[in-house]
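Chain letters run A, B, ... following the sequence lines, proteins first and then strands; every chain starts at 1.
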There are 2 protein chains.
Amino acid sequence: MATTRTGSNLSQIAATLGVSAATVSNALSGKGRVSAELAEKIRATAAELGYTPSLTGRALRTGRTGVLGLVLPDIANPLFPQIAQAIDYAASNAGYGVLIADSRGDVATQTDAINRLIERGVDGIVIVPRRGTRIADIGCPVAVIDSPSTPGNTVSADHWQGGQAIIEHLASFQHRKFLLIGNNPASNVQNDRIGGMRSRLPEGGHADVFWIENHEQRHGKGSLLGLREKVKQGFTAFAAVSDLHALRALTELQRAGVGVPEHVSVTGFDDLVWSSVVTPGLTTVRMDMAAIADIAIAALVRVIEADTTSGSDIPRTVAGTVAAADRSSVPMQLVVRQTSGPPTGIILS
Amino acid sequence: MATTRTGSNLSQIAATLGVSAATVSNALSGKGRVSAELAEKIRATAAELGYTPSLTGRALRTGRTGVLGLVLPDIANPLFPQIAQAIDYAASNAGYGVLIADSRGDVATQTDAINRLIERGVDGIVIVPRRGTRIADIGCPVAVIDSPSTPGNTVSADHWQGGQAIIEHLASFQHRKFLLIGNNPASNVQNDRIGGMRSRLPEGGHADVFWIENHEQRHGKGSLLGLREKVKQGFTAFAAVSDLHALRALTELQRAGVGVPEHVSVTGFDDLVWSSVVTPGLTTVRMDMAAIADIAIAALVRVIEADTTSGSDIPRTVAGTVAAADRSSVPMQLVVRQTSGPPTGIILS
DNA sequence: CAGGGATGATTAATCGATTAATCAAGTCTA
DNA sequence: TAGACTTGATTAATCGATTAATCATCCCTG
């Protein structure tokens, strides 16, 4: 509880040493003018008394809480652990706490979630926006993690380049007929990944895009994707935009008696937790979430801290949102496992 | 930013109406004595000015921040999304925010994480402890989510009963030779699940326990589990303590040419995100995370709120930790999909 | 030796809400 | 009608840290 806590505050230190609270504050923060000896003594007793500044008190005075908000479209997203972990780590290192807010699906809740965070006085917000959502100008610094195609202060993996890497890898095995498996055509991230893939098709190569959501609207949720048929049509490479879909493809193919990787190859995206333990291990492409989080947090922190020190050096829109990172993208890294290899035809009856 | 925010505070409302800030506070909180008409007028102007109380100001005065901490052993855990989502939802409904803290593996960091949260002034903490960790008495209300075998104020799913449900389901298909697949023998949760499973073995049934960590220590990380051999030995049911391991088993078996479910059955635990999309869909057992979160949060809130109202009605250990939920467990629910069915022998060469 | 600076510390105001203590009327009872 | 309550509102202190303004010394220079 904040009430009883460690039981030591500025004035106690001050009282112990017979000085004023202001001097203690100055000594500990290094601001103001305090003699070296006294400062040392103050630091010593502070340590002795186990002094921890009350972030609440400080927040009230400075207007900064030292807390960042993390808004996620849907926590159930399997990528979430990676994101949350990276953000938490980067924020901790920068001395900030992370308040989470799940926007639980719909867009209205996303706005709600953001407002709740602002009410709580967060200094800035990291948003992983819901598909197709634009983040309106809210009155606080924002960093968006999405795809480089998203307008606004966006940090993201270079999904396009990731797509290229996958296709180059597959093409090196002489694959020529690709099925690119996406989920939702409205997703910027997915379109970037698919765009990147298409941009690197080999000479004489051919690629079809298969959207799972469209398929499920016709055949029901969880239905087979009909990949056996695709194999019969000569597709030998199945490149999904997420490991989740790659896993779906892999198991469906295995079940249909198609050998992976000896007959066809399957690849995913994101290196989700199970990708390394399935048999065969899933070839995929990984984002450097740590780097992304670092950039996002650094951008936020820069803006937050500039906000009080210098008046307004850093670009800042009228309403308060800030051009934080100004669009940077982090390269993705190919992770080659066992689901990719040279194709050998297979005759299915 | 907390500084510029909505730009309306108690005194502004007071000034607008020509009354004192104290009266406004009383009117809005319903405490003190304020005439009905004035109270109504105050509420009206508050709404008009878009007043949002400064949680920081309130926190400083009341000593309660309205924030709960969520400590996780390892955010990378695939179960994490479910937990975080449920906790976030329950906490939001109770009017609390959730500050996350990843303990990143080691136990020392777990303590660190807890301390950081306390410094931030959280009113209570929900902990999903690292395997084998005991939560020491810290100076604030705590609710632990683990297994009923964990001492302390624990809320959890009834893992034992979940194990029983799985085995009963499998036994109903006449399975008799079970391989129970666990990861780490030190985990309370896993032991509960396995214990429950063993307790419901059918007449003449036999079960071996296979610990993946032990196996990997000998054969290397990510190596095959050798399930083909197990099938040859007559095992027909492979019951894992997590969907992650079930998936590993499923793909390994498929790859080895063993048909699931026609030859052998595979089951998991937790109904993780991919379980419904793999082919065949994974039979598993689900925790009611929403209920668990509700109980945990409700227990915390009860203690937190009792702390200020009545002196100390609720049991409270000397150091400050509180016997919050006092051990309650929530039943698990069987989710039958396609990986379970009647076994037919298979002859492997 | 008086006055301008530099140095080191203190005062007091402030952030925003809460709340105990107080005060001014009006109401009721003896 | 005086004294005791009620009712409705105000004052002022408080939570803990920060910081501008102020003040007291001591030093140095013209």
Side-chain angles (χ1 to χ4, degrees), chain A residues 1-42 46 49-66 95 118-121 123 305 307-309, chain B residues 1-42 46 49-66 118-121 123 305 308-309:
Chain A
M1 273 140 302
T3 17
T4 328
R5 282 204 327 154
T6 21
S8 77
N9 50 17
L10 270 195
S11 5
Q12 283 189 24
I13 300 180
T16 311
L17 286 167
V19 299
S20 77
T23 304
V24 177
S25 174
N26 282 330
L28 295 178
S29 68
K31 297 176 182 174
R33 292 190 291 238
V34 185
S35 68
E37 313 92 83
L38 182 52
E40 186 45 46
K41 251 198 304 192
I42 288 178
L49 266 60
Y51 169 70
T52 317
S54 155
L55 299 187
T56 309
R58 176 179 294 168
L60 181 57
R61 180 64 229 251
T62 62
R64 297 204 341 242
T65 52
I118 292 182
E119 277 176 28
R120 285 229 135 71
D123 294 333
E305 263 147 39
D307 226 7
T308 33
T309 52
Chain B
M1 271 140 305
T3 19
T4 328
R5 282 204 326 152
T6 23
S8 77
N9 51 17
L10 269 195
S11 6
Q12 283 188 24
I13 299 181
T16 311
L17 286 166
V19 299
S20 77
T23 304
V24 177
S25 174
N26 283 329
L28 295 178
S29 67
K31 297 176 181 173
R33 292 189 292 235
V34 186
S35 67
E37 313 92 82
L38 182 53
E40 184 46 45
K41 251 198 306 194
I42 288 177
L49 268 60
Y51 169 69
T52 317
S54 155
L55 299 188
T56 309
R58 176 179 294 168
L60 181 56
R61 181 63 228 253
T62 62
R64 299 206 338 245
T65 52
I118 292 182
E119 277 176 28
R120 286 228 132 72
D123 295 333
E305 262 145 43
T308 34
T309 52

Seminar exercise, completed: Residue set satisfying side chain to side chain contact (heavy atoms under 4.5 Å, CB included) with B:S29, at least two apart, ordered chain then number -> B:K31

Exercise. Rounded to the Å, how far apart are B:I42 CD1 and D:dG8 C1'?
Worked result: 11 Å

Exercise. Looking only at atom types and distance, does a side-chain atom of B:S25 sit under 3.5 Å from a main-chain N or O of B:A21, one as donor and one as acceptor?
Worked result: no

For this session: Quick one: list whatever passes side chain to side chain donor-acceptor pair (under 3.5 Å) with A:S11, sequence neighbours left out.
Result: none

For this session: Would you please name every residue forming a side chain to side chain contact (heavy atoms under 4.5 Å, CB included) with B:A46, sequence neighbours left out?
Result: B:I13, B:L28, B:Y51

Exercise. Between B:T65 (side chain) and B:G121 (backbone), is there a donor-acceptor pair under 3.5 Å?
Worked result: yes

Exercise. Phosphate oxygens OP1/OP2 of D:dA17: is one of them under 4.0 Å from a side-chain N or O of A:S25?
Worked result: no

Problem set entry | Angle of first-five versus last-five pair axes in the helix from C:dC1-D:dG30 to C:dA30-D:dT1, to 10 degrees | 70°

For this session: May I have the distance from B:K31 (atom NZ) to C:dT18 (atom P), rounded to whole angstrom?
Result: 8 Å

Exercise. In whole Å, what is the span from the CG atom of A:L10 to the P atom of D:dT18?
Worked result: 6 Å

Exercise. In the 5'-to-3' direction, what one-character label does each nucleotide of nucleotides 7-12 of chain C receive under the scheme B = base within less than 4.0 Å of a protein heavy atom, S = sugar-phosphate only, - = no such atom?
Worked result: BBBBB-

Problem set entry | N or O in side chain of B:R58 less than 4.0 angstrom from C:dG16 OP1/OP2 | no

Exercise. Over how many whole Å does the gap from A:L55 atom CG to D:dG16 atom C1' extend?
Worked result: 11 Å

Exercise. Taking CD from A:Q12 and P from D:dC15, how many angstroms apart are they, rounded to a whole number?
Worked result: 11 Å

Problem set entry | Atom-pair distance (CG on B:L17; P on D:dG8), nearest Å | 17 Å

Seminar exercise, completed: Whole-Å distance, B:N9 CG to C:dC15 P, equals 8 Å

For residues 32-42 of chain B, which side-chain donor-acceptor pairs fall under 3.5 Å, sequence neighbours excluded?
unit_1, atom_1, unit_2, atom_2, d
B:S35, OG, B:L38, N, 3.4
B:E40, OE1, B:R43, NH2, 3.2

Problem set entry | Rounded distance [0.5 Å steps], CG in A:L55 versus CG in B:L60 | 11.5 Å

Problem set entry | From CG (B:L17) to CG (B:L49), nearest 0.5 Å | 9.0 Å

Exercise. Counting only distance, no hydrogens or angles, is the base of D:dT14 paired donor-acceptor with the side chain of B:R61 under 3.5 Å?
Worked result: yes

Problem set entry | B:I13 CD1 to C:dT18 C1', straight-line distance once rounded to whole Å | 15 Å

For this session: Spell out, as yes or no, whether a donor-acceptor pair under 3.5 Å connects the side chain of B:R120 to the backbone of A:G66.
Result: yes

